[in-house]
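Step one of this worksheet: look at the structure below.
Residue numbers start from 1 in every chain, and the chains themselves are labelled A, B, ... in the order their sequence lines are given, proteins ahead of strands. Basis for what follows: all heavy atoms, side chains included, without hydrogens, waters or symmetry-related copies.
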Amino acid sequence: MFKAVSTDVSFPKREEQVLELWKQRDIYAKSLARRQDAPSFVFYEGPPTANGLPHPGHCLTRAIKDVFPRYKTMQGFRCERRAGWDTHGLPVEVEVGKELGIHSKEEIEAYGVEPFVQRCQQSVWRYMQQWERLTERLGFWVDLESAYVTYHQSYIESVWWSLKNLFDRGLLYQGHKIVWWWAQGGTALSSGEVGQGYRQVADPSVFVTFPLVDTPRRGLLVWTTTPWTLPSNMFAAVNPELQYALVRVADSDQELWIAADLVEAIATKTKQELTVLETCRGSDLIGLRYRPPFDFFYADKADAAGDLVAGGRQAHYWRVVAADFVTTDSGTGLVHQAPAFGEVDYEVLSTEQQRFVEGQQPELFHCVASDGKLTEQAGPFAGMWVKDADKPITRDLKERGLLFFQEQYLHDYPFCWRAEQDPLIQYPRESWFIRTTQFKDQMLANNARIGWLPEHIRDGRFGNFLASNVDWALSRERFWGTPLPIWVCQQTGRMEAIGNYEELLAKPGVQGTEVWQKAKAENPELADDLRVHKPYIDAVTYDSPFADGARMQRVEEVIDCWYDSGAMPFAQLGYPHQEGSREQFRQQFPADFISEALDQTRGWFYSQLAISTLLFGPDSQAATDGDGPPQRTAGNSVDVAADADQPWPHPFRNCIVLGLMMAEWYEPKKGDKKNIALTEADAKEKFGGAFEKKVGKMSKQLRNYRSPDEIFDLYGADALRWYFFANQPPWTSILYSERTIRDSIPEFLLRLWNVFSFFTIYAEIDEFDPTAGVELTSGQLSPAELAGGEGYRPASERSEIDRWILSELNRTIAAVTERMDAYDNYGACQQITALVDGLSNWYVRRSRDRFWAKDKRSADKLDAFWTLYETLVEVTKLIAPFVPFLAESLWQELTRPFVGSGKTAESVHLCDYPKSDASRIDQTLSTRMQLLREIASLGRAARAEAKLKVRQPLASVTVVLPDQQHVPWLKAHDALVQSELNVKAVQYVTDAEDLVHYSVQPNFKRLGPRVGKNVPAVKKQLAEADGGELMARLQADGFIELTVGEETLRLDDQDIQVRLQAREGSAATQGPNSVVVLSTEVTPELFREGIARDLIRFIQSRRKEMGCEFVDRIVVGILTESNDVKQAVDEHRDMIRRETLADEILEQRVPGSEPQPLSVAGQDGELSVAKA
RNA sequence: GGGCGUAUAGCUCAGCUGGUUAGAGCGCGUCGCUGAUAACGACGAGGUCCCAGAUUCGAAUUCUGGUACGCCCA
């Protein structure tokens, strides 16, 4: 049987119990086992790194990642959820470096690559426990035991396989990458590190003359802010779209090309008089050859030239080229290009290289060594530190008459975050690239088929990013990462890629494996996976197939760890090496659903798409061993039809892109801004009144957020989850607001719990038994199963309100399903909230007296029980994916009476998701009930207006409706309105000119297209006409006629809408569909009845104070001087006794009671109550 | 500097394809209810829908141009 549950519930405590239950009974495994042969719904976990502590943002990601797999599992899909960990990369090296107190590459090498890498491998798991605990506590069901790990040998071998594939197809190549370089430290810095070091500095800005080869009197006026790069000049860039002017400099024969828009500005700035001789478009200047300011390279290469792809021949260097980044915002409109020292400049060189035929392309040159000093090639400047060379170079130009102008220029420039005095420079490094640009169109086509949420990601941020794709710079000159599996012939320089470790060992003349064997022998604890890492793998060499006697040696680099993560769809399976991985891959590719935050656009979203497109795209068939793209026949996707001929989209069909999470905190208006408070209450206590609320980024330093653990302990995981799901669409920036998280408890969790608690209280008292007569088959307490229950009647035989809530339930189930299938958790939650509100504030509220009815077995009472029970059971399943803990608690309680049978599903998460029963949806009933609720609400508003509390009975209300349609139905529900508004009678009228004023408006949506420009005229005529008369005519004829201009319009009741307006001075309120008018007269009889209701209330609260059980009977004594009160007791004795379970009402003090003062009808008295 | 996004009540946000009284929750205020009760309900105040222009019979919604903020990239 049911047992009344306390309303004093601690959700965190209950959640811990639920976790224990899940663990004991292995519910997650069972939920998968149930769907073993079902169609799959594929989910990919984007691997987080356990190298840092999890924070609130991870909770959101993990909550979203949880809700859809849970939902799909209940919907009948098999959804395997494999966890994964990202373990490589610079952050790990930095952590270890901190521990060791070292940071430069040299220091790491001095420390020893071998112990360093070993430490990295151990360090990766530093926060593992916290991550696992968070995952579990949040209720994120994911298979942690079989998690994929990016440093595992099988994972790395998958990555190798893919890289070999790319290498063999000519898609991996060596080139230069311009990096931010710390010359003193001899290392490249990541963009994150560079970002930390920006400072404002003054640098020289110089305008230099480049004389044209054919007409030396004419020159290009070229701008640069880095004079030290001038010796390495290769081109001058113009914007082909801009206008350029040839100007003569007054008092000289010099003629210079500059941007036309800048003539005046430059003249003013340089105090020179400039005369425009001619103008042209930038594109007309392209190809002009000039003499560079220094001869260091010019001496050798002035005549270097090559054949063009498009035919013809062109000089390699020192000519005008096109670059659309050139603007007229500053400088001269012509920009000096030293591709070695600028990423954009380098792109210009790349573009130029592509114009020439293979083997005849211009090549990068420069004269700066990696230590930041100019080389011997720089002649007199050799040996100078680049920044120190600015001045001598400028002076030299000036002496030779090439310097036109110089000034100081303020801008932000990056410095090394470890050595603040050291400016960083852009510098070319050898690097490996993947030829992704060749697949740009395919990637775009692939992207176009992905269901992005929000949609604008596809054409916006992600689409633009793809459209401006550059080749993927894959290699890293670091230590802890997947080694690039390319071996080089030491003699010929020819290379080959290796696809796995075994393949390497099978090479002829293999040597060097003993390095690993020795390490392992010395330390058997070493993870075997390390053998495919640096430095062990570097030691492995073999005989070159390209030259007799030569050896093959691995290149030094490791790869970008984003490649690791992007390879996850196949690498998590060890594809294609592991046994069974091909079959698994075919079943688990592509994913139906993934989700990460917006910052992954250029990260995991891109790495996955790029790798997948290159490896499994249309023209990769041959290279994938004949497997081709393994297209799974379709599970489930939005917008994207599973089209057998179209290989897209992969590797994921739907992606929810989460917004960034913001923190909310309070800081004092005065004093230490670091001394913050996390809640308003704390702030009040700490700072008095003087504080302000702040919203901003989460910050570890400021600690402006509460740790997830604390949230779980204080409010519970469901509160946090519901807050995430139900408060905003997930792609907006989400405020991590402790107050709002806390508020989700009373707003939703507790409200539902209270309904449930109400149910159990009366189910226990009345011994409601849902088991009798029920034959369990599925054990899910489905409507069909419950239909056999004792006293269960078909919905059609139950009362209106029962049918109403069942209709709302099924309507909601349909809506939630529709929303969730569209990956819209927010919309789904709004539906659920509305249902629970209706259940609590209308169904239970309006049904209470049915549960209080004396006859325990009356059909109506049983209907109420069955209806509420069934609704609770279905709601429990409905909310299970969202708030799995509360749902489980409810399920365990709701199934309690059946437990003996052993046939009920042992967890709500082993149930099917509810199916909407269309036959139970009654739209008319919904509309009518809505109207009824409107009337009740208006009635209450009218009472409030007239200051007549609901406890005071009134004679009647009059409800004015514009049409008769629903009146018969409403009349049948008089009792409901009467009790809700505490009135004796309800009248419905449509024609009540004395009470309301009718105003008639056009139905714009209908009439707009029909009458167009005449809409305002129609509106005016309708407004000016007598509303009541129009109504009468409409009701009599079915239409009205209006003359607008030349035309006569016939309008029916669909074309116009009648609005009611309460007349001034009556106790009336108006709503969208009706007006409710209150009869405000309080007769003596009504007054006394009000007194009786007051007395009931006093007695009830006294009962409660005394700790009476619900069924205890009492004796009541009322002492009063008031005749009204005495008379009220006489007249309403039965009602008072019935409501308060009083055996007797005496006009004296009840012996053995504690008398209480009583104030009713403005009279004092005394109330005494005792148990009978 | 470029790209993307956002701007609606005191706060956090809804508002689909244009339809004339712009909504919710919280907060605030007033009142009510009192055997679901440390809950709950009703009502109220509170809006230049960022600004300007355009399209239209009609614009929070579409277009153009600004402004502010956020993110990503340079």
Side-chain angles (χ1 to χ4, degrees), chain A residues 4-5 7-8 191 194-195 324-325 327 329-330 342-344 454 456-457 459-465 467-468 597-599 601-603 659-660 662 664 680 693 695-697 726-729 731-735 737 739-740 742-744 746-748 750-751 753-762 765 826-827 830 833-834 840-842 844-845 848 851-852 936-945 947-951 980 1001-1009 1011-1019 1059 1061 1069-1070 1072 1096-1098 1100-1101 1103-1104 1108-1112 1139-1141:
Chain A
V5 298
T7 52
D8 181 17
S191 61
V194 175
D324 50 16
F325 58 79
T327 66
D329 292 345
S330 50
E343 210 175 333
V344 283
H456 61 73
I457 298 288
D459 298 320
R461 194 172 281 218
F462 196 62
N464 286 336
F465 175 62
S468 58
L598 188 64
D599 56 358
T601 330
R602 284 148 195 265
L660 270 103
M662 309 283 272
E664 176 188 79
E680 202 173 346
K693 184 174 146 184
V695 170
K697 277 203 232 177
N727 266 282
Q728 62 273 305
W731 47 81
T732 55
S733 354
I734 292 173
L735 194 63
S737 156
R739 192 176 54 80
T740 320
R742 190 182 55 218
D743 286 346
S744 65
E747 273 168 23
F748 179 71
L750 192 55
R751 186 181 288 182
W753 185 262
N754 279 337
V755 173
F756 170 68
S757 162
F758 175 90
F759 169 79
T760 56
I761 288 168
Y762 294 101
I765 292 172
Y826 177 57
Q830 285 182 314
T833 304
S840 168
N841 289 330
W842 194 248
V844 170
R845 186 178 151 81
R848 276 192 285 203
F851 290 95
W852 297 336
S937 167
L938 291 173
R940 281 190 294 263
R943 291 193 79 114
E945 188 79 9
K947 299 216 184 301
L948 289 164
K949 56 187 179 182
V950 179
R951 220 182 291 125
E980 186 68 20
Q1001 276 215 324
N1003 177 351
F1004 293 98
K1005 209 164 189 169
R1006 257 173 84 97
L1007 284 184
V1011 302
K1013 282 192 201 297
N1014 289 326
V1015 168
V1018 172
K1019 182 183 175 184
R1059 281 197 184 141
Q1061 236 170 337
T1069 48
Q1070 65 185 72
I1096 291 170
R1097 195 202 126 199
F1098 274 109
Q1100 296 287 38
S1101 49
R1103 277 185 67 111
K1104 212 181 118 206
C1108 285
E1109 294 298 321
F1110 297 113
V1111 292
D1112 287 345
E1139 295 281 321
T1140 62
L1141 300 187

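In this structure, A:Tyr826 does not reach the B:rC13 phosphate: none of its side-chain N or O atoms is under 4.0 Å from OP1 or OP2. Residue A:Asn754 places no side-chain N or O under 4.0 Å from the OP1 or OP2 atom of B:rA39. Within the structure, every side-chain polar atom (N or O) of A:Arg845 is placed at least 4.0 Å from both OP1 and OP2 of B:rC40.
The salt bridge (charged side-chain N to carboxylate O under 4.0 Å, His left out) test applied to A:Arg602 returns no partner, not counting sequence neighbours. For the side-chain contact (heavy atoms from CB on, under 4.5 Å) test, residues two or more places apart in sequence or in another chain that qualify with A:Ala4 are A:Thr760, A:Ile761, A:Glu764. For A:Ser840, the side-chain contact (heavy atoms from CB on, under 4.5 Å) test picks out A:Arg751, A:Val755, with sequence neighbours left out.
B:rG27 and B:rG10: their C1' atoms are spaced 8 Å apart (whole Å). When the C1' atom is used for both B:rG23 and B:rA60, the distance is 12 Å, rounded to whole Å. Look at the P atom in both B:rG15 and B:rA7: the space between them is 9 Å, to the nearest Å. Remark: the separation of the P atoms in B:rG58 and B:rG65 is 23 Å, to the nearest Å. Taking atom C1' on both nucleotides, B:rG41 is separated from B:rC49 by 31 Å, rounded to a whole Å. When the P atom is used for both B:rU8 and B:rC13, the distance is 9 Å, rounded to whole Å. Going from the C1' atom of B:rU34 to that of B:rA39 covers 10 Å, rounded to whole Å. Nucleotides B:rA24 and B:rG5 are separated by 30 Å at their P atoms, to the nearest Å.
The side chain of A:His456 sits closest to B:rG5 out of B:rG5, B:rU20, B:rC13. For A:Phe1004, the side-chain atoms get nearest to B:rG19 when compared with the rest of B:rA36, B:rC33, B:rG19. Ranking B:rC57, B:rC4, B:rU20 by closeness to the A:Pro1016 side chain, first place goes to B:rC57.
Positionally, the nearest nucleotide of RNA chain B for A:Gly460 lies more toward the 5' end than for the other of A:Lys1005 and A:Gly460. Ranked by how close their nearest RNA chain B nucleotide is to the 5' end, A:Trp731 and A:Asn1003 are led by A:Trp731.
For the pair A:Leu1007 CG and B:rU20 P, the interatomic distance rounds to 13 Å; values are reported in whole Å. Here the P atom of nucleotide B:rA36 and the CH2 atom of A:Trp842 are 17 Å apart, to the nearest Å. A:Gln830 has its CD atom 13 Å from the C1' atom of B:rC16, to the nearest Å. The nearest whole Å value for the distance from the CD atom in A:Glu1139 to the C1' atom in B:rC33 is 14 Å. Between the CD1 atom of A:Ile457 and the P atom of B:rG3 there is a distance of 16 Å, rounded to whole Å. Atom CG of A:Leu750 is separated from atom P of B:rG41 by 11 Å (rounded to the nearest Å). Residue A:Trp753 contributes atom CH2, which lies 17 Å from atom C1' of B:rA38 at whole-angstrom precision. Taking atom CZ on A:Arg848 and atom P on B:rC40, their separation rounds to 13 Å, with Å as the unit.
Between A:Phe851 and A:Val844, the closest side-chain pair of non-hydrogen atoms is not below 4.5 Å. In this structure the side chain of A:Ile457 reaches within 4.5 angstrom of the side chain of A:Leu598, judged on heavy atoms.
Across all strands, A:Phe748 comes closer than 4.0 Å to no nucleic acid atom at all (heavy-atom distances). Counting non-hydrogen atoms under 4.0 angstrom, A:Val844 reaches a base of the nucleic acid. Contacts of A:Gln1100 with the nucleic acid, taken as non-hydrogen atoms under 4.0 Å apart, include base atoms. Among the protein residues, A:Thr601 comes within range of no part of the nucleic acid, since none of its heavy atoms lies under 4.0 Å from any strand. As judged by a 4.0 angstrom heavy-atom cut-off over every strand, A:Pro1002 is placed among residues making no nucleic acid contact. Within 4.0 Å (heavy atoms only), A:Asn1014 reaches no atom of the nucleic acid at all.
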Within the sub-3.5 Å range, which N or O atoms of nucleotides 69-72 of chain B have a protein N or O partner, and how far apart are they?
residue : atom : partner  : partner atom : Å
B:rC71  : OP1  : A:Lys697 : NZ           : 3.3
B:rC71  : O2'  : A:Arg461 : NH1          : 3.3
B:rC71  : O2   : A:Arg461 : NH2          : 2.5
B:rC72  : O4'  : A:Arg461 : NH1          : 3.3
B:rC72  : O2'  : A:Arg602 : NE           : 2.7

Dump the pairs, protein N or O against N or O of nucleotides 24-28 of chain B, anything under 3.5 Å, distances to one decimal.
residue : atom : partner  : partner atom : Å
B:rG25  : O2'  : A:Glu747 : OE2          : 2.8
B:rC26  : O2'  : A:Arg739 : NH1          : 2.4

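At least one donor-acceptor pair closer than 3.5 Å links the side chain of A:Gln1100 to the backbone N or O of A:Glu1139. Under a 3.5 Å cut-off, the side chain of A:Ser468 and the backbone N or O of A:Asn464 do form a donor-acceptor pair.
Scanning both residues, A:Ala597 and A:Gly659, for their nearest heavy atoms gives CB-O, 4.5 Å. The two residues A:Tyr826 and A:Asn727 have their closest heavy-atom pair at CE1-C, 3.6 Å.
Atoms CZ and NZ, from A:Phe1004 and A:Lys1019 in turn, are 5.0 Å apart once rounded to the nearest 0.5 Å.
Helical stems of RNA chain B (runs of at least 3 Watson-Crick or G-U pairs, donor-acceptor distances under 3.5 Å) are listed by first residue: B:1-7 with B:67-73, B:10-13 with B:23-26, B:28-32 with B:40-44, B:50-54 with B:62-66.
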